[in-house]
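This is a predicted model, so every value here is computed, not measured.
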Amino acid sequence: MLFALVAGAAIQSLVPGAALLGRARIPLLLAIVLYYALSNNRGIMLLSAVLAGLLQDALSSDIPPGYSSFCFGVAGLVVNRYKDDLFGESLLTTSCIGAAAAFVVSLGLSLLLWFNDLIRDPLWLWVLKATGTAL
């Protein structure tokens with residue numbers, strides 16, 4: 001798990017974001033958390049969410065420590081709760097879950113940062129970045 005998280009963090013931080021999509025980056029750390037949410041128990045998933053969130057926050061100068069961990073943890077808990085009702089082996093299902101989770105986590109993180117006066121971006125930019133992250 002640790003190797004996957006460090007490699008995912010490195011790739012996510014080195015690949016530039018698409019300008020047309022609000023500089024959205026590839027959500028590899030969230031994908032790793034969702035993998036553990038679909039394939040393991042809740043404790044391992046929460047550990048991966050905390051570690052992935054701390055890695056993402058450490059690599060970003062705009063996000064205080066813990067914000068991403070909270071968002072990853074909530075998304076992971078929801079997916080983990082309903083993993084038995086989902087077709088986890090289906091590419092379509094996992095793609096839709098990943099896209100929805102990426103949109104919600106990106107928008108939720110933006111809202112957390114906005115409520116704490118850490119960003120002042122307009123709302124349309126948040127939605128554009130969340131949509132780009134989902135794609």
Inset, instruction - Walk me through it: do L77 and M45 pass the test side-chain contact (heavy atoms from CB on, under 4.5 Å)? - result: CA-CA 8 Å; L77 284 172; M45 182 278 306; 3.7 Å; yes
Legend entry - Closest non-hydrogen atom pair, K129 against A24: O-CB, 3.6 Å
Inset, instruction - Grab the two heavy atoms, one from L113 and one from P64, that are nearest each other, plus how far apart they are. - result: CD2-CD, 3.8 Å
Inset, instruction - Could you give me the CA-CA distance, side-chain angles and deciding distance for L109 and S68, then say whether side-chain contact (heavy atoms from CB on, under 4.5 Å) is met? - result: CA-CA 7 Å; L109 187 58; S68 296; 3.7 Å; yes
Legend entry - 4.5 Å side-chain heavy-atom contact, L38 and V79: yes
Legend entry - Shortest non-hydrogen contact between L55 and V6, atoms and distance: CD1-N, 4.2 Å
Inset, instruction - Return the minimal non-hydrogen interatomic distance between A75 and L34, and the atom names on each side. - result: O-CD2, 4.4 Å
Legend entry - From CE (M1) to OH (Y35), nearest 0.5 Å: 10.5 Å
Legend entry - SB check R120 D117 (cutoff 4.0 Å): yes
Legend entry - For I11, the rest of its hydrophobic cluster, which grows through side-chain links under 4.5 angstrom: V15, I26, L28
Legend entry - Pairwise distance CD(Q12) to CG(L30) - rounded to 0.5 angstrom: 8.5 Å
Inset, instruction - Mind listing the closest non-hydrogen atom pair of L54 and P65 along with its distance? - result: CD2-CB, 4.5 Å
Inset, instruction - State plainly whether one hydrophobic cluster holds both F3 and I32, where clusters connect Ile, Leu, Val, Met, Phe, Trp and Tyr through side-chain heavy atoms under 4.5 angstrom apart. - result: no
Legend entry - Connected hydrophobic set around V78, excluding itself, where side chains approach under 4.5 Å: Y82
Inset, instruction - Determine whether V50 and V74 fall in the same hydrophobic cluster, where Ile, Leu, Val, Met, Phe, Trp and Tyr are linked whenever their side-chain heavy atoms lie under 4.5 Å apart. - result: no
Legend entry - Side-chain donor-acceptor contact under 3.5 Å, N116 with Y67: yes
Inset, instruction - Can you measure from CG (L118) to CD1 (I63) and round to the nearest 0.5 angstrom? - result: 9.5 Å
Legend entry - side-chain contact (heavy atoms from CB on, under 4.5 Å) between W126 and L111, intermediate numbers included: CA-CA 9 Å; W126 298 355; L111 283 171; 3.6 Å; yes
Inset, instruction - Verify, without hydrogens or angle tests, whether T94 (side chain) and L91 (backbone) share a donor-acceptor contact under 3.5 angstrom. - result: yes
Inset, instruction - Would you indicate whether the side-chain heavy atoms of I119 and S110 approach each other to under 4.5 Å? - result: yes
Inset, instruction - Look up atom CG in L59 and atom CZ in R25, then write down how far apart they are to the nearest 0.5 Å. - result: 9.0 Å
Legend entry - Intermediate values then yes/no, side-chain contact (heavy atoms from CB on, under 4.5 Å), L112 and F70: CA-CA 10 Å; L112 281 175; F70 175 74; 3.9 Å; yes
Inset, instruction - Ignoring hydrogens and angles, tell me if any N or O in the side chain of S13 forms a donor-acceptor pair with the backbone of A9 under 3.5 Å. - result: yes
Inset, instruction - State yes or no: do L2 and I44 share one hydrophobic cluster built from I, L, V, M, F, W and Y residues joined by side-chain heavy-atom distances below 4.5 Å, directly or via other members? - result: no
Legend entry - S48 to V33 - nearest heavy-atom pair and separation: O-CG2, 3.7 Å
Legend entry - Atom pair OG/CG of S90 and L92 - distance to nearest 0.5 Å: 5.0 Å
Legend entry - Joint hydrophobic cluster, L29 plus L51, side-chain heavy atoms closer than 4.5 Å: yes
